[in-house]
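The structure appears right after this line, and notes come after that.
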Amino acid sequence: MAEPDTSRDIDQAASNCAARLDRGPLTPREEEALRAWLGGDLRRKGALLRAQAMSLMSESAQALGPHFDPARFEAPN
């Protein structure tokens, strides 16, 4: 019997999946492989959703530009 994936293995695979999904539509073979991967371990769906959320947050941060200062938006003490 194969060893179960570690959380790190799942997170890495989820990050790869999120990056691939971001590049555009999957081929039928890729869709099938993704469905099989997601169905293989209950932790995988959550890991993929977290990876996609992190990707969106990163894109949002990049869109703010290099001179964005979050301190300007903090409430005064």
Side-chain angles (χ1 to χ4, degrees):
M1 179 178 238
E3 290 288 317
D5 288 337
T6 65
S7 293
R8 181 181 216 123
D9 294 335
I10 291 171
D11 286 343
Q12 181 63 51
S15 294
N16 292 340
C17 288
R20 174 58 191 93
L21 288 166
D22 192 47
R23 288 193 301 268
L26 301 178
T27 66
R29 178 175 278 170
E30 289 171 326
E31 286 181 24
E32 183 180 328
L34 178 59
R35 279 194 302 276
W37 182 77
L38 289 171
D41 188 308
L42 296 175
R43 301 172 292 171
R44 292 175 180 173
K45 287 180 185 177
L48 179 57
L49 291 172
R50 284 190 305 277
Q52 289 176 308
M54 288 298 294
S55 177
L56 288 172
M57 287 174 26
S58 175
E59 289 174 17
S60 296
Q62 287 178 344
L64 293 172
H67 303 292
F68 174 72
D69 180 9
R72 293 186 345 197
F73 296 93
E74 292 178 1
N77 290 332

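Hydrogens, waters and symmetry mates play no part in the numbers below; they use all other heavy atoms, side chains included.
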N/O donor to acceptor pairs below 3.5 angstrom from side-chain atoms of residues 21-28, sequence neighbours left out:
from, atom 1, to, atom 2, distance (Å)
Thr27, OG1, Glu30, N, 3.0
Thr27, OG1, Glu30, OE1, 3.4

Per-pair distances, 0.1 Å, donor-acceptor, side chain in residues 36-47, under 3.5 Å, sequence neighbours excluded:
from, atom 1, to, atom 2, distance (Å)
Asp41, OD1, Arg43, N, 2.8
Asp41, OD1, Arg43, NE, 3.1
Asp41, OD2, Arg43, NE, 3.4
Asp41, OD2, Arg43, NH2, 2.9
Arg43, NH2, Asp5, O, 2.7
Arg44, NH1, Trp37, O, 2.6
Arg44, NH2, Asp5, OD2, 2.7

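Shown here is Glu32, whose CD atom has no more than 12 heavy atoms of other residues, nucleotides or ligands within 6.0 Å.
The backbone N or O of Met54 sits nowhere less than 3.5 Å from a side-chain atom of Ser58 that would complete a donor-acceptor pair.
To the nearest 0.5 Å, atoms SG (Cys17) and CD (Gln12) are separated by 10.0 Å. Taken to the nearest 0.5 Å, the OG atom of Ser15 stands 15.5 Å off from the CZ atom of Arg20.
Minimum heavy-atom separation, Ala51 to Ala14: CB-O, 3.7 Å.
Under the side chain to side chain contact (heavy atoms under 4.5 Å, CB included) criterion, Thr6 pairs with Arg8, Asp9, not counting sequence neighbours.
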Determine whether Leu56 and Gln52 satisfy the following criterion, side-chain contact (heavy atoms from CB on, under 4.5 Å), listing intermediate values before the conclusion.
CA-CA 6 Å; Leu56 288 172; Gln52 289 176 308; 5.6 Å; no
